[in-house]
Amino acid sequence: MTDRPGTFLDHLRTAAAGVLERIPEELRAEVYTLAFNIWRVDGDDRHPYVDIGYNTESQCERERYPGDDGEVRWNYAYWILDGFEKLGNVPEDPVGSPVYVEEVKRLGVWYDGGFDLGRTLEDDDLRARTDLLRLHFYDAVIDLARHLHADGVIEKTFGRPIPVVVFDMDCPGWEIHATEYANPPELTEEFMAWQRAAEEL
């Protein structure tokens, strides 16, 4: 019988360590950043998940263009975006899904019924619950990145510390703050410098 995680964050920590262990050895020297990509099934915040992905030096070389000022290296639009394991309230995560649902129900932010964006926008209670569901998942993913650094999992896997860029395709710009909170400051210097330069342009 498999031990059931006490919290959704416990599950993320254990499962993500397993995901990193499965990254092929031959790729690890090439990986310069991890990418925690937040998505939702059909836009429904009750069904969030995070892809535990990465980008490689080879991918950068393939995408590089004349005059590239670091955009290829740090803009996720140029990164490897497919083929990664999913953790969250999705069928691909049969252990995490029930733990997540029980947790958000216990917190009082779950709601029943089909997802309808128009209904959510018009209903103050649903909008508030949706916001809290989103913040709960954001906190879990950022905490996950911090834990993987603090526990030495990232350094052990790759032989060196590397940054975790955390982003949400539905919330452009949020990745700047999320990535800053998710990492020791020295690991995000290059990413933050590129972001500052992009804002100045």
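Separating the OH atom in Y100 from the CG atom in L12 is a distance of 10.5 Å, to the nearest 0.5 Å. Atom CD1 of I38 is separated from atom CG of D51 by 10.5 Å, given to the nearest 0.5 angstrom. Separation of atoms CG (L27) and CD1 (I80) is listed at 7.5 Å; rounding is to 0.5 Å. Taking CD1 of I52 as the start and CG of L87 as the end, the distance is 5.0 Å to the nearest 0.5 Å. Taking OG1 of T56 as the start and CZ of R62 as the end, the distance is 5.5 Å to the nearest 0.5 Å. Here the OH atom belonging to Y76 is positioned 13.5 Å from the OG1 atom belonging to T33, to the nearest 0.5 angstrom.
Checked by atom type, the side-chain pair E155/H149 shows no donor-acceptor distance below 3.5 Å. For E71 and N75, the side-chain atoms include at least one donor-acceptor pair closer than 3.5 Å. Y111 and D125 form no side-chain donor-acceptor contact under 3.5 Å, judged by distance and modelled atom types alone.
Taking a cutoff of 4.0 Å between a charged side-chain nitrogen and a carboxylate oxygen, D143 and R146 do not qualify as a salt bridge. A salt bridge between K156 and D151 is absent, with no side-chain N of the basic residue lying under 4.0 Å from a carboxylate O of the acidic one. Contact check on R127 versus D131 returns no salt bridge, with no Lys/Arg side-chain nitrogen under 4.0 Å from an Asp/Glu carboxylate oxygen. Classification of K86 and D93 as a salt-bridged pair fails, no side-chain N sitting under 4.0 Å from a carboxylate O.
Under a hydrophobic clustering in which Ile, Leu, Val, Met, Phe, Trp and Tyr are joined whenever their side-chain heavy atoms come within less than 4.5 Å, directly or via other members, I176 and Y181 fall into different clusters.
Contact annotation: the side chain of V31 approaches that of I162 to within less than 4.5 Å [non-hydrogen atoms, C-beta and beyond]. Looking at R28 and T157, their side chains come closer than 4.5 Å, going by heavy atoms from C-beta outward. Under the 4.5 Å side-chain criterion, counting only non-hydrogen atoms from C-beta, W174 is in contact with V166. F167 places none of its side-chain heavy atoms less than 4.5 Å from the side chain of T179.
Partners of E61 by salt bridge (charged side-chain N to carboxylate O under 4.0 Å, His left out), not counting sequence neighbours, listed by chain and number: R64. For R73, the salt bridge (charged side-chain N to carboxylate O under 4.0 Å, His left out) test picks out E57, E190, with sequence neighbours left out.
Shown here for D170 and D168, the closest heavy-atom pair between the two residues is N-OD1, 2.8 Å. Taking both residues in full, the closest heavy atoms of Y138 and C171 are given as OH-CB, 3.7 Å, listed atom of the first, atom of the second, then distance. Closest of all the heavy-atom pairs between R46 and L133 is CG-CD1, 3.7 Å.
For an aromatic pair to be called close, the ring centres must be under 6.0 Å apart, and Y54 with Y32 fails this.
Cation-pi geometry between R129 and W110 is not met at under 6.0 angstrom from the ring centre and within 45 degrees of the axis.
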